[in-house]
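Read the structure below first, then the notes.
Predicted model, so just to flag it, every value in this text is computed and none were measured. In what follows, every chain begins at residue 1, and chains take the letters A, B, ... in the order their sequences are listed.
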Number of protein chains: 2
Amino acid sequence: MQRNTKQREVIAACFSDEAGPLSVYQVHALAREQYPSLGIATVYRTVNALVEAGMLVPVVIGGTTRYGLAQKCHHPHFYCNKCDHAFCLESNPAVTTRLAPKGFVVSEYNLVVSGTCPSCTSENRRRH
Amino acid sequence: MQRNTKQREVIAACFSDEAGPLSVYQVHALAREQYPSLGIATVYRTVNALVEAGMLVPVVIGGTTRYGLAQKCHHPHFYCNKCDHAFCLESNPAVTTRLAPKGFVVSEYNLVVSGTCPSCTSENRRRH
DNA sequence: ATCGGTGCAAAGGGTTTGCAGGGTA
DNA sequence: TACCCTGCAAACCCTTTGCACCGAT
């Protein structure tokens, strides 16, 4: 039987508070603010358990795996090269339909668009 | 100045011969058939150099980075979970346009659809 | 008191780097 | 001959695992 611990509470809270998917490293940094002795292995174990449990889904962004809430993250994401933040995008029906030609059985898809986010773009403009 | 070596020739040929993008591991295995003493470090260095040179582009598929010819691989890919092979898909105009909302500057995108490819699907059918 | 969860450190897998020797130009 | 490239091994991440202790039930 599963037990409730402070560590799990803090880790799970990171995802509820955040808009976009987080890497294990980011979760560790965030959660440590509230629980400094938290070990990285615990984050890995907890995140993997939450994926198994169906609460989180993995989203691969630029070679790094991030994790987002399942009910929020079955859709495209935007990755900002400047601030290293990942955003959730609206699901685009045109993407999900007719993705593969005849004969290919589609079970899922992963779409990551990258570039510069609005706030990094405006920061850039201010400098000119 | 860059020099032509047998190793580079063999590695580059792997990509010309292949339909889909390859992982470093796959390139190493393929290239070793023609050059058995080839070291994995040389494959990493050569592939990275070819990406720098613009000949190859990285395609992240299921957490693993594969590499494909630049002129062939700026488009969606299909990953077969059964045979572990990556296929190139036709570029879908609906995907490349209107990907991100206003304010986001898109520089590139990575779309991987996964499931079962035609030959693995038919193999499955034969067993029933 | 039990036994699942945690932190630490070691082990594992994939990728990069330092170095001496070899091969291209 | 010069010096870029290669293979080997060590170094480096990132992630998982083993183990003894801690703490929720």
Side-chain angles (χ1 to χ4, degrees), chain A residues 1-15 21-68 79 81 84-86 110 112, chain B residues 1-15 21-68 79 81 84-86 110 112:
Chain A
M1 187 206 147
Q2 186 166 298
R3 294 175 184 178
N4 297 327
T5 64
K6 182 70 181 167
Q7 287 92 330
R8 277 186 195 171
E9 189 188 307
V10 171
I11 291 170
C14 291
F15 292 99
L22 300 168
S23 66
V24 168
Y25 181 88
Q26 290 174 315
V27 173
H28 188 218
L30 271 172
R32 253 179 193 267
E33 292 175 8
Q34 301 200 37
Y35 201 103
S37 66
L38 182 66
I40 189 78
T42 298
V43 180
Y44 275 105
R45 278 186 284 230
T46 304
V47 166
N48 286 338
L50 293 176
V51 171
E52 291 281 306
M55 178 181 147
L56 298 179
V57 287
V59 183
V60 178
I61 296 178
T64 304
T65 303
R66 301 196 183 200
Y67 299 87
Y79 173 67
N81 295 312
D84 195 48
H85 193 272
N110 187 304
V112 178
Chain B
M1 186 206 145
Q2 185 166 299
R3 294 175 183 177
N4 297 327
T5 64
K6 182 70 180 168
Q7 286 93 329
R8 277 186 194 173
E9 187 189 308
V10 171
I11 291 170
C14 290
F15 292 99
L22 300 168
S23 67
V24 167
Y25 180 88
Q26 291 174 315
V27 172
H28 189 217
L30 271 172
R32 254 179 193 269
E33 292 175 7
Q34 302 198 37
Y35 200 104
S37 66
L38 183 66
I40 189 78
T42 298
V43 179
Y44 276 105
R45 277 187 283 232
T46 304
V47 166
N48 286 338
L50 293 177
V51 170
E52 290 281 306
M55 177 181 147
L56 297 179
V57 287
V59 184
V60 178
I61 296 178
T64 304
T65 304
R66 301 196 184 201
Y67 300 87
Y79 173 67
N81 295 312
D84 195 49
H85 193 271
N110 187 303
V112 178

Note: for Asn48(B) and Ala41(A) on DNA chain C, the residue whose nearest nucleotide lies more 5' is Ala41(A)
Within the structure shown, what part of the strands sits under 4.0 Å from Ile40(A) by heavy-atom distance: base, sugar-phosphate, or nothing? nothing
Side-chain atoms of Arg3(A) come closest, of dA25(C), dT25(D), dT16(C), to dT25(D)
Check your understanding: Do the side-chain N or O atoms of Thr5(B) get closer than 4.0 angstrom to the phosphate oxygens (OP1, OP2) of dT6(D)?
Key -> yes
Heavy atoms of His28(A) and Val43(A) approach each other most closely as CD2-CG2, 3.8 Å
Of the listed dT6(C), dC5(D), dA25(C), the closest approach to the Asn4(B) side chain comes from dA25(C)
When rounded to whole Å, the CD1 to P distance for the pair Ile61(B) and dG14(C) reads 17 Å
Rounded to whole Å, the OH-P distance (Tyr67(A) to dC14(D)) equals 13 Å
Scanning both residues in full, the closest heavy-atom pair of Arg32(A) with Leu38(A) reads NH2-O, 3.5 Å
His28(B) atom NE2 is separated from dG13(C) atom C1', nearest whole Å, by 15 Å
Taken to the nearest whole Å, CZ/Arg66(B) to P/dG14(C) is 13 Å
Ranking dG7(C), dG7(D), dT16(C) by distance to the side chain of Gln7(A), first place goes to dG7(C)
Respond yes when some side-chain nitrogen or oxygen of Gln2(B) is under 4.0 Å from OP1 or OP2 of dT24(C), and no when none is.
-> no
Reckon Arg8(B) touches a base, only the sugar-phosphate, or nothing at all at heavy-atom distances under 4.0 Å? sugar-phosphate
(message) Quick check: any donor-acceptor pair below 3.5 Å linking the side-chain of Arg45(B) to the base of dG7(D)?
(response) yes
Heavy-atom nearest nucleotide on DNA chain D taken for Thr64(A) and for Leu38(B); more 5' hit belongs to Leu38(B)
Tyr44(A) atom OH is separated from dG12(C) atom P, nearest whole Å, by 18 Å
